[in-house]
Amino acid sequence: LFFFNINFSNITHDSWEYVQLGKSIALNFKYEIDGVPQMNRGPGYPLFLALFFIFSEKLYFVIIAQIILDSLCVLFVVSIWEKVHNSIISKTNVLIFASCIYLCHYNQLIMTETLYSFLIIFGIWILTKDLNKNSKFEDINLKNYILSSAILGFLVLIRQPIIFSIFLFGLIIFIFIIKSKINFYNEFIKLITSLLVIILILGVWSIRNYLNFKDEILYNPNATIIGYKTNIKNYNHFYYDEFKEFVHSYEEPFIMIRPYQQPIFAKYVYKNENQEVQVAFEKLEEEVMNKKQRFVSQETLDLFRSIAKKRYDEKPLLHITAPISRMLKLIFSPRIGSLTQSETSVNSLNSSKLLFYILLIYNFLFILFFALGLIRNCSKLKHKLNIIIFCYVLSFLGSHLVFYSFYSPFVQSRYFIPLLPLLFIYIPNLSIKLLPKLIK
């Protein structure tokens, strides 16, 4: 449905960078934009684009491939469900999944969401494809461990925060290995082999970054061995600890102003801003827009930290309510910015109040059905395979929610979109009881 409404003249800055990097790989086997080496974007999605750009630079072929990947994702979710439940009810998952307008919409955008969500589901499908509902952790063979680890390693090259999900899932498997009465040595070897596969994939990218950006990695607080947090000067301030403390001292929702025209200075607009906040932002903007000044001064950063400290002193509960509000925004906030055009801000909700509330209810129902399905599924945790899937889903959902609620300097509701297929694994649990009653 969205395929026939594609408008490439409206391509975003993110998409433009992915396209340029994909062309650089395909044509020159380099990772550059305008001849300048890059590490701001992970190479996962540009590598995917490069596979198509070798033959044609037309984006329609990429979009068709993304539609196919999303369709396969539906089948993998159904397959995972049927391994545990062996129920024809799982076919309802196809209808539920197909009704997710966000996933359908992102199929026709040159963004990471479709590939990312597909690989998350493909990773658990590969890991469990040779198992049945009575299988145990030790029944996972080494080949599937390696393939699944390669997929998860590649996911880090698409989005860095996934590394926390992988670590958490690996830790859970290790705990099960220790507690279970199984051959510890064999299972430990499988786990170590999987870890080495991930390290190998990330190692190639990290070595390349160190050779090209050694000084940046050592001295720039926004650079890491696996990539920049951001290398866009006008966004650097988001990743300083002092500024993050300031941002985290506010509850959602807020509006992030990011004008389309140059120069771009991204800032937050809060209700009831006081004079101290306005002065701090004026100093920050002056320094960020100064081409001769590379980093924000410590004096300005300390000003933001002092504002945050005052807010926490006045309202100690902000330590709890602020991250919870960010988590709620991530889960429930309509991904309206991706479905409508806005001339003022990527997160502004001024396009349609009616559409906003419709999508808010839509999101709430999805989360409600997932939560109820997950609770009902707990009665089937006696099946070992179900435990594996359960741990995988909670590892990815939990780590993403914690990362964006407590660490990330800002939250966009679209960050939750690639995790939606994980919800669909459990939504049909509710239909097992409801659907037969409706049919009768």
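For the single chain, residues carry numbers from 1 onward in sequence order.
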Next on the checklist: For Tyr45 and Phe48, I'd like to know if the aromatic rings sit close, meaning centre-to-centre distance below 6.0 Å.
Outcome noted: yes
Checklist entry - Is the count of non-hydrogen atoms from other residues, nucleotides or ligands lying under 6.0 Å from Phe406 atom CZ greater than 12? => result yes
Checklist entry - For Tyr392, what residues pass the ring pair (Phe, Tyr, Trp, His ring centres under 6.0 Å) criterion, not counting sequence neighbours? => result Phe169, Phe396
Checklist entry - Does Asp241 pair with Arg305 as a salt bridge, N-O distance under 4.0 Å? => result no
Next on the checklist: Going by the rule side-chain hydrogen bond (donor to acceptor under 3.5 Å, both in side chains), which residues pair with Asp302 if we only count those two or more places apart in sequence or in a different chain?
Outcome noted: Gln298
Checklist entry - Looking at residues at least two apart in the chain, or sitting in another chain, which of them share a side-chain hydrogen bond (donor to acceptor under 3.5 Å, both in side chains) with Lys283? => result Glu299
Item to check | Sequence-distant partners of Phe154, ring pair (Phe, Tyr, Trp, His ring centres under 6.0 Å), two or more places apart | outcome: none
Item to check | Test side-chain contact (heavy atoms from CB on, under 4.5 Å) applied to Ile367 - qualifying residues, sequence neighbours left out | outcome: Ile331, Phe332, Phe416, Leu423
Item to check | Set of side-chain hydrogen bond (donor to acceptor under 3.5 Å, both in side chains) partners for Asn107, sequence neighbours left out | outcome: Asp70, Thr114
Checklist entry - According to the interplanar angle, ranging from 0 to 90°, do the rings of Phe118 and Phe122 count as parallel (below 30°), tilted (30 to 60°) or perpendicular (above 60°)? => result parallel
Checklist entry - Mind checking whether Met39 and Arg208 have side chains closer than 4.5 Å, heavy atoms only? => result yes
Checklist entry - Does the gap between the ring centers of Phe370 and Phe366 come in under 6.0 Å? => result no
Next on the checklist: Which residues pass the side-chain contact (heavy atoms from CB on, under 4.5 Å) test with Leu211, not counting sequence neighbours?
Outcome noted: Ile207
Checklist entry - Which residue pairs satisfy the salt bridge (charged side-chain N to carboxylate O under 4.0 Å, His left out) criterion with at least one member in residues 106-122, sequence neighbours excluded? => result Glu113-Arg159, Glu113-Arg414
Next on the checklist: Could you check whether any side-chain heavy atom of Ile124 comes within less than 4.5 Å of a side-chain heavy atom of Ile80, counting everything from C-beta outward?
Outcome noted: yes
Item to check | All ring pair (Phe, Tyr, Trp, His ring centres under 6.0 Å) counterparts of Tyr415, not counting sequence neighbours | outcome: Tyr404
Next on the checklist: Could you go through Arg311 and Glu314, starting from their C-alpha distance and side-chain angles, then the distance that decides it, and tell me whether this counts as salt bridge (Lys or Arg N to Asp or Glu O under 4.0 Å)?
Outcome noted: CA-CA 5 Å; Arg311 288 183 55 77; Glu314 294 172 1; 5.9 Å; no
Next on the checklist: Side chains of Ile162 and His400, heavy atoms from C-beta outward: is any pair under 4.5 Å?
Outcome noted: yes
Item to check | Partner residues of Phe304 under the ring pair (Phe, Tyr, Trp, His ring centres under 6.0 Å) criterion, sequence neighbours left out | outcome: Phe243, Phe246, Phe281
Checklist entry - Sequence neighbours excluded, which residues qualify as side-chain hydrogen bond (donor to acceptor under 3.5 Å, both in side chains) partners of Thr300? => result Glu287, Ser297
For residues 146-153, dump all side-chain donor-acceptor pairs below 3.5 Å to protein atoms at least two apart in sequence or in another chain.
unit_1, atom_1, unit_2, atom_2, d
Ser148, OG, Gly123, O, 3.0
Ser149, OG, Tyr145, O, 2.7
Ser149, OG, Ser194, OG, 3.1

